[in-house]
Amino acid sequence: MIAADLLAWYDRHARVLPWRAPPGSNAADPYAVWLSEVMLQQTSVATVRPRFAEFLERWPSVEALAAAADADLMAAWAGLGYYARARNLLACARAVVREHGGRFPDTEAGLRTLPGVGDYTAAAVAAIAFGRRAVVVDANVERVVARLFAIAQPLPAARPPIRAAAETITPEARAGDFAQAMMDLGSGVCTPRAPKCLLCPLRGDCAGFASGTPETFPAPKTKAAKPQRHGTVFWLERNGAVWLVRRPDKGLLGGMRALPTGAWSDAPPALAGAPADAAWRMTGVRVDHVFTHFRLQLALAKAVEPSQPDGEGEWWPIAELDKAGLPTVFAKAARQGNEA
DNA sequence: CAACCGTGGCG
DNA sequence: TCGCCAAGGTT
C-alpha cells in the first residue's frame, strides 16, 4: 500500500518547515500555504525559508498584502527571480480581498482562477490548506511516480501517464500530507541523481528500483543552448545619488527597479541608449549574468554631473542602494559601477 | 506545444 | 568551471 507506507514514513521523517502546520495540528493557514507555494515555484527551500519569514512578518494577512504598494512588494521580492510571480502575488491578494471577501477559495477549481495559481499550486493549496483530495504533481512527484511505475517516455510526453499513475496512488484522507510526503521523498531520497533507494519506504513497490536503473527515469528533455547577448549598463551619478529607472511590466525583470541599459544585441555595443547627454566613459568593466534562456554580458559606462536625464526615473542615494530592490544582475552592476 | 521568465547551490 | 536542477505559470 503505497500511500500508507509513505504516510508512515512521513510521520517519522517530515521536514520541519515554517509554512507547515506544527505536527499534530490541522491549523494550516491558507494565506501562509499559498504564499509559500508561490515562493517555492522553481525556487529552493533554502532560498525561500528566510524570505518567507520576512514576508509573513511584514504582511501577516492577505488583507495586509493586498494593501501593499506595488513598489514595496516588488522591492521585497528582489533577488527571488521570476518577477511575474510578484506581480501575480499582488493581483491575487487583491482579488481574494475584493472578490472573495478575504478568504481563499477552498476548491481546486476556485483557486485555479486566481492570478499566478496554476494546476500545481491550486492542487497543493486545496490539499494542504483545505484537506481536499487533489492530485498534486510537481517536478518531485513526476520523478517519484516515473520511477515507481517505470514510465520510460521522455518529458513532456510522459506527463499524461505520470498524472494518471499519480491519480491511482493519491489517498482520500491526508491528501495534503501525502503531497508533501511525495515532495520530501523526491527532495531527499528519490533524488535526480544517485537516488538513495536503500532508505526508501516504497522500494518494495518500485518498478524503477526493480529495473536496476531507477536513476534513468524519467528520461530528460533535451535542452537548447543558451545564446550569448551583449548590452551596455549606465551608471549615472550626481551628488551621491545614482539614476534608477523602472523596467516595463512585461518581459525580463518586468516591473523591477533597474539601472538604465541600451538595447541588447549579438555583439558588444557602444553607447546607444544612454539615458542622458554626459561625458560617458567606458570603464572596461564587464558584468556577466546567466538567465534561464540566454547569457548576458553588460559593458559598464559611467558618467557624473550630467544634464537632466531623459524619461522617467529617480535619483537614488548610493549609500542606500541595498534598499532599492535591484534584481541580482543590476545589484552586481551597481556594486561594480560604484567602484569603477 | 514551445518559448519565455531568475537565481543560487551543488556535483 | 559549468551544466543541472528547483514545491511552475503565462502566452
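Just so it is clear, the structure is predicted and the values come from calculations on it, not from any experiment. In the text below, chain A, chain B and the rest are named by the order of the sequence lines, each starting its count at 1.
- Rounded to whole Å, atom C1' of B/dG8 lies 12 Å from atom CZ of A/Arg51.
- Look at NE2 on A/His293: it is 12 Å from P on B/dT7, rounded to the nearest Å.
- Across all strands shown, A/Leu80 has heavy atoms under 4.0 Å from base atoms, whether or not it also approaches the sugar-phosphate.
- Applying the side chain to side chain contact (heavy atoms under 4.5 Å, CB included) criterion to A/Thr292, with sequence neighbours excluded, gives A/Tyr82.
- Salt bridge annotation for A/Glu320-A/Lys323: absent, with no cationic side-chain nitrogen under 4.0 angstrom from a carboxylate oxygen.
- If you check every strand for non-hydrogen atoms under 4.0 Å, A/Trp77 touches nothing.
- Residue contacts for A/Ser36: at a heavy-atom cut-off of 4.0 Å it reaches no nucleic acid atom on any strand shown.
- Of all heavy-atom pairs between A/Leu56 and A/Ala32, the closest is CD1-CB, 4.5 Å.
- Annotation: of the two residues near DNA chain C, A/Asn88 and A/Pro192, the 5′-most nearest-nucleotide partner is A/Pro192.
- Residue-level contact check: A/Leu17 touches the bases, meaning some heavy atom is under 4.0 Å from a base atom.
- In terms of phosphate contacts, A/His289 brings no side-chain nitrogen or oxygen within less than 4.0 Å of OP1 or OP2 of B/dG6.
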### Query
Could you walk me through whether A/Thr216 and A/Arg147 pass the side-chain hydrogen bond (donor to acceptor under 3.5 Å, both in side chains) check?
CA-CA 8 Å; A/Thr216 61; A/Arg147 289 174 180 171; over 6 Å; no

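- For the C1' atoms, the distance linking B/dC5 with C/dC5 amounts to 16 Å, nearest Å.
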### Query
Could you walk me through whether A/Arg143 and A/Asn140 pass the side-chain hydrogen bond (donor to acceptor under 3.5 Å, both in side chains) check?
CA-CA 5 Å; A/Arg143 186 172 58 256; A/Asn140 286 304; 2.9 Å; yes

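- Out of C/dA7, B/dG6, C/dG8, the shortest distance to the side chain of A/Trp19 is found at C/dA7.
- Checked against B/dT7, C/dA6, C/dG9, the side chain of A/Gln41 finds its nearest nucleotide in C/dG9.
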Nucleotide N/O of nucleotides 9-11 of chain B paired with protein N/O under 3.5 Å:
none

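- For A/Arg112 and C/dG8, the CZ to C1' distance is 11 Å, given to the nearest whole Å.
- A cation-pi arrangement is present between A/Arg229 and A/Phe294 under the rule of less than 6.0 angstrom and at most 45 degrees off the ring axis.
- Within 4.0 Å (heavy atoms only), A/Pro327 reaches sugar-phosphate atoms of the nucleic acid but no base atom.
- Rounding to whole angstrom units, NZ of residue A/Lys223 and C1' of B/dC4 are separated by 19 Å.
- The P atoms of B/dG6 and C/dT11 are separated by 14 Å, rounded to the nearest whole Å.
- Side-chain contact check for A/Glu37 and A/Tyr120: at least one donor-acceptor pair (N or O, by modelled atom type) lies under 3.5 Å.
- In this structure, a donor-acceptor pair under 3.5 Å is absent between the side chains of A/Arg112 and A/Thr107.
- In the set C/dG8, C/dA7, B/dG6, the nucleotide with an atom closest to the side chain of A/Leu253 is B/dG6.
- Ionic pairing of A/Arg132 and A/Asp106 is present here: one or more N-O contacts between side-chain nitrogen and carboxylate oxygen are shorter than 4.0 angstrom.
- Residue A/Tyr82 contributes atom OH, which lies 9 Å from atom C1' of B/dC4 at whole-angstrom precision.
- Within the 4.0 angstrom heavy-atom criterion, only backbone atoms of the sugar-phosphate kind lie near A/Gly79; the bases stay farther away.
- Of the P atoms belonging to C/dA7 and B/dG11, the separation is 15 Å, rounded to the nearest Å.
- Rounded to whole angstrom, the span from the CZ atom of A/Arg295 across to the P atom of C/dT1 amounts to 13 Å.
- The CG atom of A/Leu155 sits 14 Å away from the C1' atom of B/dC1 (whole-angstrom rounding).
- Within residues 135-144 of chain A, the residues that place at least one heavy atom under 4.0 Å from DNA chain C are, in residue-number order, A/Asp138, A/Ala139, A/Asn140, A/Arg143.
- Residues A/His289 and A/Lys332 bring a donor and an acceptor atom of their side chains to less than 3.5 Å of each other.
- For A/Thr292 and B/dG6, the shortest distance from a side-chain N or O to OP1 or OP2 is not below 4.0 Å.
- Considering only side-chain N and O atoms, A/Thr328 lies under 4.0 angstrom from the phosphate OP1 or OP2 of B/dG8.
- Here the shortest heavy-atom pairing between A/Ala333 and A/Leu300 reads O-CD1, 4.4 Å.
- A straight line from CZ of A/Arg15 to P of C/dA7 spans 7 Å, rounded to a whole angstrom.
- Residue order along DNA chain C, read from the 5' end via each residue's closest nucleotide, puts A/Glu37 first among A/Glu37 and A/Lys250.
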